[in-house]
Asker: 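Provided herewith is a single structure, encoded as C-alpha cells, for subsequent inquiry.
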Amino acid sequence: MSTAAPATLDHAGIAARIPHAGRMCLLDALLAWDATQIRCRAGDVHDPAHPLRDADGLSAAAGIEFAAQAMALHAGLAAPPGTPPRPGFLASARQVRLHVARLDDAAPPVSVSATRLVGDDGQAIYAFALHDGAGRPLVDGRAAVVLDHPLTAPEAA
C-alpha cells in the first residue's frame with residue numbers, strides 16, 4: 001500500500017484530511033494538486049439545506065470559506081502521511097472580488113482552486129478562485145492562513 005498522498009479524493013477522503021466535519025465539509029472532490037496548487041469541486045451550492053445558506057440564498061462571500069477549505073486540504077496533502085488535520089484560521093482575505101451576488105445561481109459544477117504563493121510550516125498566502133461549470137468567474141482573491149496558533153488550540157478541560 002502506498003503512503004503517498006492520493007491524486008484525487010471524494011468527499012469522505014477530504015473530510016478525513018481537514019478539520020471541518022459533517023455538512024461543514026464543503027468540498028465534494030479533489031480533482032488535482034501538486035506542491036503549490038490545488039483544484040477541487042465544491043459541494044452542491046444549490047442545496048436548500050446548505051450550511052452557509054441564509055434566507056436570501058448562498059452568498060458569493062461564502063466562496064472564501066470554500067477556498068479556505070481547499071487551502072486546508074492542500075496543507076493536509078502536503079503533510080507527512082498519517083498526520084492529523086491541523087487546526088488553523090483565516091488571518092486575512094485581500095483583493096477579494098465577488099463577480100456574482102450568489103453562488104446558488106452558478107451553473108454546476110463549481111470549481112475551487114488555490115495556489116500557494118509564499119509560506120512556511122505555520123503560515124501561507126494563497127491566491128484563490130471559484131468558477132462555475134461554464135468557466136465564469138464567481139469569486140477570487142488572496143488569503144493568509146495560520147496553522148497551529150494558540151487561537152486554534154482546543155481549550156483545556
Asker: What distance separates Cys25 SG from Gln69 CD, expressed to the nearest 0.5 Å?
Answerer: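 These two atoms lie 5.5 Å from each other.
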
Asker: Given the rule in the side-chain contact (heavy atoms from CB on, under 4.5 Å) test, do Val139 and Leu103 qualify, once you have shown the distances and angles that lead to the verdict?
Answerer: CA-CA 9 Å; Val139 180; Leu103 295 178; 4.3 Å; yes

Asker: Could you tell me which non-hydrogen atom of Met24 sits nearest to which non-hydrogen atom of Pro51, and how far apart they are?
Answerer: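 Distance-wise, the nearest heavy atoms are SD-CB, 3.7 Å.
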
Asker: Checking Asp132 side chain against Val110 main chain: does a donor-acceptor pair fall under 3.5 Å?
Answerer: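 No; judged by distance alone, with no hydrogens or angles, the pair does not exist.
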
Asker: Just checking, any donor-acceptor pair under 3.5 angstrom between side chains of His131 and Asp140?
Answerer: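 Per modelled atom types, His131 and Asp140 side chains form no pair under 3.5 Å.
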
Asker: Heavy atoms, side chains only, cut-off 4.5 Å: are Arg17 and Leu73 in contact?
Answerer: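 They are in contact (side-chain heavy atoms under 4.5 Å apart), so the answer is yes.
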
Asker: Measuring from Ser92:OG to Ile125:CD1, what's the distance to the nearest 0.5 Å?
Answerer: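 Ser92 atom OG to Ile125 atom CD1 measures 7.0 Å (nearest 0.5 Å).
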
Asker: Considering all heavy atoms of both residues, which atom of Ala70 and which atom of Val112 are nearest to each other, and what is their separation?
Answerer: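 Heavy-atom minimum between the residues: CB-CG1, 3.9 Å.
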
Asker: If you group Ile, Leu, Val, Met, Phe, Trp and Tyr by side-chain heavy-atom gaps below 4.5 Å, do Leu147 and Tyr126 land in one group?
Answerer: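 No; tracing contacts between hydrophobic side chains, which count when under 4.5 Å, never links both residues.
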
Asker: So, for Asp47 and Arg53, which heavy atoms are closest and what is the spacing to 0.1 Å?
Answerer: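 For Asp47 versus Arg53, the nearest heavy atoms are O-CD, 3.8 Å.
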
Asker: How long is the straight-line distance from CG of Leu9 back to CG of Leu77, given to the nearest 0.5 Å?
Answerer: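 Going from the CG atom of Leu77 to the CG atom of Leu9 covers 6.0 Å.
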
Asker: So if you build clusters from Ile, Leu, Val, Met, Phe, Trp, Tyr with side-chain heavy-atom gaps below 4.5 Å, do Val45 and Val96 land together?
Answerer: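 Yes.
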
Asker: Counting N and O atoms only, with roles assigned by atom type, does the side chain of Arg136 sit under 3.5 Å from a partner on the main chain of Val100, one being a donor and the other an acceptor?
Answerer: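 No, Arg136 side chain to Val100 backbone: no donor-acceptor pair under 3.5 Å.
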
Asker: To check you understand the geometry: which heavy-atom pair defines the closest contact between Glu65 and Leu26, and what is its length?
Answerer: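 Heavy atoms of Glu65 and Leu26 come nearest at CG-CD1, 3.6 Å.
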
Asker: Does His50 have any ring pair (Phe, Tyr, Trp, His ring centres under 6.0 Å) partners at least two apart in sequence or in another chain, and if so, which?
Answerer: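 If we apply the ring pair (Phe, Tyr, Trp, His ring centres under 6.0 Å) test to His50, skipping adjacent residues, the hits are Phe66.
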
Asker: If you measure from OG on Ser59 to CD1 on Ile64, what distance do you get to the nearest 0.5 Å?
Answerer: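 One gets 8.5 Å once the value is rounded to the nearest 0.5 Å.
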
Asker: As a quick check of understanding, evaluate side-chain hydrogen bond (donor to acceptor under 3.5 Å, both in side chains) for His46 and Asp105, giving each step before the final call.
Answerer: CA-CA 8 Å; His46 301 99; Asp105 287 337; over 6 Å; no

Asker: Under the side-chain contact (heavy atoms from CB on, under 4.5 Å) rule, what do Leu138 and His99 come out as? Steps first, then yes or no, please.
Answerer: CA-CA 5 Å; Leu138 303 172; His99 299 278; 5.6 Å; no

Asker: Hey, what do you get for CH2 (Trp33) to CZ (Arg116), rounding to the nearest 0.5 Å?
Answerer: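 Here the rounded value is 11.5 Å.
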
Asker: Measure across Leu90 and Ala143 and return the closest heavy-atom pair with its distance rounded to 0.1 Å.
Answerer: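 Heavy atoms only, the tightest pair is CD1-CB, 3.5 Å.
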
Asker: Rounded to the nearest 0.5 Å, what separates atom SG in Cys40 from atom CG in Leu30?
Answerer: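 Interatomic distance, Cys40 SG to Leu30 CG, rounded to 0.5 Å: 5.0 Å.
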
Asker: Considering all heavy atoms of both residues, which atom of Ala62 and which atom of Leu52 are nearest to each other, and what is their separation?
Answerer: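 Closest heavy-atom pair between Ala62 and Leu52: CB-CD1, 3.9 Å.
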
Asker: Which residues pass the side chain to side chain contact (heavy atoms under 4.5 Å, CB included) test with Ala29, not counting sequence neighbours?
Answerer: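 Side chain to side chain contact (heavy atoms under 4.5 Å, CB included) list for Ala29, sorted by chain: Leu31, Arg41.
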
Asker: Applying the 4.5 Å side-chain criterion to the ILVMFWY set and letting contacts propagate, would Ile18 and Val146 be lumped into a single cluster?
Answerer: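 Ile18 and Val146: separate clusters.
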
